[in-house]
Amino acid sequence: MRTIEHFIGGQTAAGTSGRHGEVFDPNIGQVQARVALACSEELDRAVANAAEAQQGWAQTNPQRRARVMFEFKRLLETHMDELARLLSSEHGKVIADSRGDIQRGLEVIEFSCGIPHLLKGEYTQGAGPGIDVYSARQPLGVVAGVTPFNFPAMIPMWMFGPAIACGNAFILKPSERDPSVPVRLAELMIEAGLPPGVLNVVHGDKDIVEAILRHPGIKAVSFVGSSDIAQSVYALGAQHGKRVQAMGGAKNHGIVLPDADLDQTVADLIGAAYGSAGERCMALPVVVPVGEETADALREKLVAAVKGLRVGVSTDAQAHYGPVVTAVHRSKIESYLQMGVDEGAELVVDGRGFSLPGHEGGFFLGPSLFDRVTADMKTYREEIFGPVLQIVRAATFEEALALASRHQYGNGVAIFTRNGDAAREFADRVEVGMVGINVPIPVPVAYHSFGGWKRSGFGDLNQYGQDGVRFFTRTKTVTQRWPKGGAVTDQSFVIPTMR
């Protein structure tokens, strides 16, 4: 049985806790490896190693740090196919989707290559008589990231790319369900020229997450996961004096106005709802057609499209999506499907009972489609995180707007329309952090920032972009004066001003 170990100080570090987790191949439903689960002593060792390495790394000028990021980008492109296959073998998403996972992370690395410009501070000459003021952004020290199973390449790079470029050392705690790609990324960073210890990978479960949040040597924590855990991570980290950004769950809505191009809208909805088996926080699991005529026409087209989806193994180039990550998660999704039926929703397409010939042990689930879902249903209020699309009918634009705005999650939303005025009003008024106009998955490009509202995000700063640089640095402001000579005998006990 292959064992996936920690990565500390630029090399593999065998676990000493004696605890391990199981890593499955979702395509066949069998354990393919085990992963070491760290104890607090192993975390202490990783943090101490990172703290020592960070001092020299922070003193390395930004241009040289950028050169490491440039070389890492080149290595990612060179090893893209290898990484995608490795990712799919543990997560279950199809190869093309895995390549997209890596590519979106790579784009944040590209952004981080501009760190010499991004770190430039501000300067005011002559703020007072002979007084100049300037500010500089300085690294925090040792920081950490806790990442989820659904994007084992993209989200780690969203975090450690800006953090390391800014001069920090980074402790990565990836999901124990698919940990191989994060370790491989760390190996490639060393190959790119990163000093050993600046990026360490420590595997673990909730115990090690709590240890990270309590550790006095870690100055900031970035987290992505479910909302309940994100809220507790934010609270515990803040309690221990850390800067925390904690991204939670989502229930993204797609509003379809009567004038929308339904063929294009259906194509967009199918990819957004069922891609990666719906295991995306930016998936689009709720569609809100406005008006009964729109809803009926949309439903007819959706049913045909859903029934045409191909579920297959990760290496099937013709498959639209692969298995879900574990048998436990599949059972959870199936329980939501039954819950929806019990709540009175109409299960138009039922994906339960799907079995892929030759891979009967795999964690496969067919696509499901609900209609007549209402806002009081638990299946609507909660995140299902699977290949399930719900139709919630709205009578008016205002009702559709209110559905998205009042939901406990505020991650992403999309509107499909040809009406520019309606789209502009919707984007302005909706209480959601990321908005797509005829764009079903509105994940911002790397030089903007990713983040949701309400229970989708805890903390003041978003992921990557300028917010990422702000999160992983602190501002130091210097007010300076160089006297021309001569003793000053008068003393003032009044707060100094620039008059």
Side-chain angles (χ1 to χ4, degrees), residues 4-21 35-60 65 68 138-147 155-176 179 182-183 185-187 189-190 194-225 229 232-246 459 468 471-474:
I4 303 164
E5 305 285 9
H6 312 299
F7 189 82
I8 300 173
Q11 59 187 355
T12 299
T16 59
S17 72
R19 299 173 60 239
H20 294 85
V35 57
L37 302 178
C39 59
S40 58
E41 290 76 13
E42 289 170 297
L43 177 64
D44 289 341
R45 180 159 58 93
V47 173
N49 177 267
E52 183 177 358
Q54 190 269 336
Q55 296 180 27
W57 180 242
Q59 293 169 6
T60 302
R65 297 203 298 264
V68 173
Q138 297 183 340
L140 302 176
V142 178
V143 298
V146 179
T147 58
I155 294 178
M157 285 191 277
W158 279 10
M159 296 178 185
F160 75 64
I164 289 173
C166 287
N168 300 286
F170 196 90
I171 306 291
L172 173 61
K173 205 299 287 183
S175 171
E176 63 274 26
V183 172
L185 294 176
E187 292 172 347
M189 282 292 284
I190 295 298
L194 188 72
V198 175
L199 175 58
N200 290 334
V201 181
V202 178
H203 306 292
D205 50 18
K206 65 182 183 64
D207 292 340
I208 207 66
V209 174
E210 290 190 4
I212 287 170
L213 293 167
R214 298 176 187 274
H215 201 290
I218 295 174
K219 306 303 181 185
V221 177
S222 182
F223 172 89
V224 175
I229 298 176
S232 65
V233 162
Y234 182 75
L236 185 58
Q239 179 184 339
H240 287 82
K242 301 189 192 312
R243 183 178 294 185
V244 182
Q245 56 179 188
F471 181 77
F472 288 115
T473 58
R474 51 187 174 182

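This is a predicted model, so every value here is computed, not measured. Values below: all heavy atoms of this structure, side chains included; hydrogens, waters and symmetry mates excluded.
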Problem - Residue pairs fulfilling salt bridge (Lys or Arg N to Asp or Glu O under 4.0 Å) with at least one residue in residues 160-176, sequence neighbours excluded - result: K173-E176

Problem - Nearest heavy atoms of L140 and T473, plus distance in Å - result: CD2-C, 3.8 Å

Practice task
Answer yes or no: is there a donor N or O on one side and an acceptor on the other, between the side chain of K242 and the main chain of V143, under 3.5 Å?
Solution key: no

Handout entry: Check: F472 and I164 side chains under 4.5 Å, non-hydrogen atoms
Key = no

Practice task
With sequence neighbours excluded, tell me which residues meet side chain to side chain donor-acceptor pair (under 3.5 Å) with Q245.
Solution key: S222

Practice task
For the residue pair N168 and F170, establish whether any side-chain heavy-atom pair is separated by less than 4.5 Å.
Solution key: no

Practice task
Take atom CD of E52 as the centre, draw a 6.0 Å sphere, and report whether it contains more than 12 heavy atoms from other residues, nucleotides or ligands.
Solution key: no

Problem - Any L172 side-chain heavy atom under 4.5 Å of M159 side chain - result: no

Fill in the blank from the handout: Closest non-hydrogen atoms of A169 and A50, given as atom of the first, atom of the second and distance, are CB-O, 3.5 Å

Practice task
Answer yes or no: is there a side-chain heavy-atom contact under 4.5 Å between R474 and R243?
Solution key: yes

Practice task
Grab the two heavy atoms, one from P139 and one from A58, that are nearest each other, plus how far apart they are.
Solution key: CG-CB, 4.0 Å

Practice task
Could you walk me through whether I171 and L43 pass the side-chain contact (heavy atoms from CB on, under 4.5 Å) test, one step at a time?
Solution key: CA-CA 9 Å; I171 306 291; L43 177 64; 4.3 Å; yes

Handout entry: Residue pair L199, L194: steps toward the side-chain contact (heavy atoms from CB on, under 4.5 Å) verdict
Key = CA-CA 8 Å; L199 175 58; L194 188 72; 3.7 Å; yes

Practice task
Go through the structure and list residues passing side-chain contact (heavy atoms from CB on, under 4.5 Å) with A53, not counting sequence neighbours.
Solution key: V198

Handout entry: Sequence-distant partners of T16, side chain to side chain donor-acceptor pair (under 3.5 Å), two or more places apart
Key = E42

Exercise for the section: Might you point out which heavy atoms bring P182 and V201 nearest each other, and give the distance in Å? Expected result: O-CG2, 4.1 Å

Problem - Rounded distance (nearest 0.5 Å) linking atom CD of Q54 with atom CD of Q59 - result: 9.0 Å

Handout entry: Nearest-0.5 Å distance, SG of residue C39 to CZ of residue R45
Key = 8.5 Å

Exercise for the section: Find out whether F7 and I190 are in side-chain contact, i.e. whether some heavy atom of one side chain is under 4.5 Å from a heavy atom of the other. Expected result: yes

Problem - salt bridge (charged side-chain N to carboxylate O under 4.0 Å, His left out) involving D205 - partner list, sequence neighbours excluded - result: R19

Practice task
Drop me the distance from L213's CG to Y234's OH, to the nearest 0.5 angstrom.
Solution key: 13.0 Å

Practice task
Applying side-chain contact (heavy atoms from CB on, under 4.5 Å), name anything that partners A36, two or more places apart in sequence or on another chain.
Solution key: E5, H6, H20

Practice task
Search all heavy atoms of V202 against all heavy atoms of A46 and return the closest pair with its distance.
Solution key: CG2-CB, 3.6 Å

Problem - Distance (rounded to the nearest 0.5 Å) between T12 OG1 and I4 CD1 - result: 11.0 Å

Problem - Full working for side-chain contact (heavy atoms from CB on, under 4.5 Å) between L37 and I208 - result: CA-CA 8 Å; L37 302 178; I208 207 66; over 6 Å; no

